[in-house]
Amino acid sequence: MIDMDRIPNHIGIVMDGNGRWAAKRALPRLAGHNAGMKALKEIVKRASVLGVKHLTVYAFSTENWKRSKDEISGIFKLLVLYIDKELEELNRNNVRVNILGEYKELPAKALLRLEKSRVTTASNEGMQFNIALNYGGRAELVKAARAIAADLLEGSLGIDEISEQHVADRLYTSGIPDPELIIRTSGEKRLSNFLLWQSAYSEFVFSEVFWPDFSPDELEKSIEEYQGRARRFGGR
Ligand code: IPE
Ligand code: IPE
Ligand code: MG
């Protein structure tokens with residue numbers, strides 16, 4: 001049983017396995033991405049009901065541009081459809097949408113929907129739903145390094161003053177607590193450039209299930225596994 005008093009405040013998810021889910025069914029990869037969007041809808045709902053404060057999902061990495069043009073444009077078309085269909089319900093459920101990553105570089109239609117979902121839900125006080133899009137942990141750290149360098153040049157910051165907090169404040173996740181739990185689906189056991197800085201002390205749960213099959217019950221199983229872990233943060 002899941003302990004409702006120890007729900008992680010912040011859960012990160014690497015939603016992996018859409019392509020293999022489709023291949024197993026002899027379907028095109030985009031059918032997998034479409035099924036993945038449906039899974040996401042249910043996970044967002046359950047996470048919000050469970051009282052998760054921040055849900056961060058890895059939707060498109062800085063490395064995913066290596067994929068075929070057709071797959072990339074298909075993914076962003078599905079994103080547009082997802083927002084058009086779900087924004088009203090997200091808003092009704094008091095969910096606040098936030099984007100992590102260089103999302104301004106995304107195709108115009110997707111960008112428009114993302115801005116709309118941010119503005120529409122800006123004053124909501126329920127779960128914050130962070131969508132990592134055109135996100136890369138290394139790119140995020142480079143961006144922070146540049147911002148700190150600019151402050152140094154300007155003279156508003158001295159070298160010896162640079163602290164962990166200075167770095168954290170210049171990440172996309174500024175103000176968001178580090179994820180206690182990171183889940184990756186599809187049996188792959190790697191971070192693939194997701195939340196590199198923020199995951200320093202995260203617990204990792206790996207599920208064998210492909211993302212489209214990751215049900216709310218699977219989410220609860222992952223939380224249960226997390227609740228069985230002893231977190232030490234270097235202490236004893
Ligand atoms: C995750 O599923 C979705 C994105 C990276 C956009 P994949 O598309 O990586 O699916 P697999 O790993 O090929 O099965
Ligand atoms: C990570 O999955 C990125 C997202 C889920 C958006 P990938 O499928 O791109 O990662 P690798 O290539 O297997 O490491
Ligand atoms: Mg993958």
Side-chain angles (χ1 to χ4, degrees), residues 10-44 47 54-83 85-86 97-107 109-111 113-114 117 129-143 171-173 176 179 181-199 202 204-215 218-219 222:
H10 184 177
I11 301 179
I13 306 184
V14 181
M15 309 185 289
D16 197 14
N18 292 349
R20 279 162 287 164
W21 181 93
K24 209 174 83 181
R25 288 162 179 77
L27 293 169
R29 291 182 62 84
L30 274 177
H33 293 310
N34 188 41
M37 294 287 180
K38 291 187 179 151
L40 176 60
K41 172 187 158 139
E42 299 305 320
I43 294 302
V44 170
H54 283 273
L55 179 72
T56 301
V57 300
Y58 203 7
F60 195 87
S61 75
T62 47
E63 289 73 38
N64 286 146
W65 296 108
K66 292 177 192 160
R67 297 188 181 196
S68 76
K69 257 191 171 153
D70 283 354
E71 181 173 355
I72 294 171
S73 70
I75 287 173
F76 289 115
K77 277 185 191 137
L78 283 169
L79 178 73
V80 167
L81 284 176
Y82 172 84
I83 294 177
K85 256 175 58 191
E86 300 306 323
V97 178
N98 180 42
I99 317 297
L100 311 180
E102 291 307 303
Y103 68 93
K104 301 230 154 118
E105 293 167 11
L106 298 181
K109 280 185 184 157
L111 181 57
R113 268 22 171 247
L114 293 167
S117 56
F129 175 34
N130 305 302
I131 313 174
L133 278 164
N134 196 15
Y135 173 90
R138 287 184 173 179
E140 181 179 39
L141 286 164
V142 167
K143 196 176 170 214
L171 303 177
Y172 302 119
T173 50
I176 300 174
L181 167 62
I182 291 182
I183 299 168
R184 182 166 185 152
T185 58
S186 86
E188 304 296 353
K189 294 174 182 68
R190 56 177 170 265
L191 215 39
S192 302
N193 209 9
F194 185 52
L195 301 181
L196 296 182
W197 170 278
Q198 299 86 339
S199 62
S202 302
F204 291 88
V205 169
F206 298 105
S207 166
E208 292 301 315
V209 163
F210 292 138
W211 174 252
D213 292 328
F214 193 79
S215 63
E218 294 288 338
L219 174 68
S222 304

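Position 1 is the first residue of the sequence; numbering continues from there. Bear in mind that the values here come from a model prediction, so they are computed numbers and not experimental data. Note that ligands are numbered from 1 as they come in the structure, with each ligand's atoms numbered from 1 the same way.
- Ring geometry for Phe60 versus Phe76: interplanar angle of 30 to 60°, hence tilted.
- At a cut-off of 2.8 Å, measuring from the Mg ion (ligand 3), the protein N, O or S atoms that fall short of it are Asp16 OD1, waters left aside.
- Taking 4.5 Å as the limit, every side-chain heavy atom of Asn134 sits out of range of all side-chain heavy atoms of Tyr103.
- Heavy atoms from other residues, nucleotides or ligands lying under 6.0 Å from NZ of Lys189 number more than 12.
- For ligand 2, the 4.0 Å heavy-atom shell takes in Val14, Met15, Asp16, Tyr58, Ala59, Phe60, Asn64, Arg67, Arg184, Arg190, Ser192, ordered by chain and residue number.
- Using a 4.5 Å heavy-atom cutoff, the side chains of Ile176 and Leu171 are not in contact.
- Scanning all heavy atoms of the two residues, the minimum distance from Thr62 to Ala139 falls at CG2-CB, 4.5 Å.
- Checked by distance only, ligand 1 and Arg29 come closer than 3.5 Å through their nitrogen or oxygen atoms.
- Side chains of Arg113 and Leu79 form no contact here, defined as non-hydrogen atoms less than 4.5 Å apart.
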When the side chains of residues 23-30 are checked against the rest of the protein, which donor-acceptor pairs come out under 3.5 Å, sequence neighbours left out?
residue : atom : partner : partner atom : Å
Arg25   : NH1  : Trp21   : O            : 3.0
Arg29   : NE   : Glu71   : OE1          : 3.0
Arg29   : NE   : Glu71   : OE2          : 3.2
Arg29   : NH2  : Glu71   : OE2          : 3.3

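- Between Pro212 and Ala39 the shortest heavy-atom distance is O-CB, 3.7 Å.
- Not counting sequence neighbours, the partners of Lys143 by the salt bridge (Lys or Arg N to Asp or Glu O under 4.0 Å) test are Glu102.
- Across every non-hydrogen atom of Tyr135 and Leu196, the tightest pair is OH-N, 4.3 Å.
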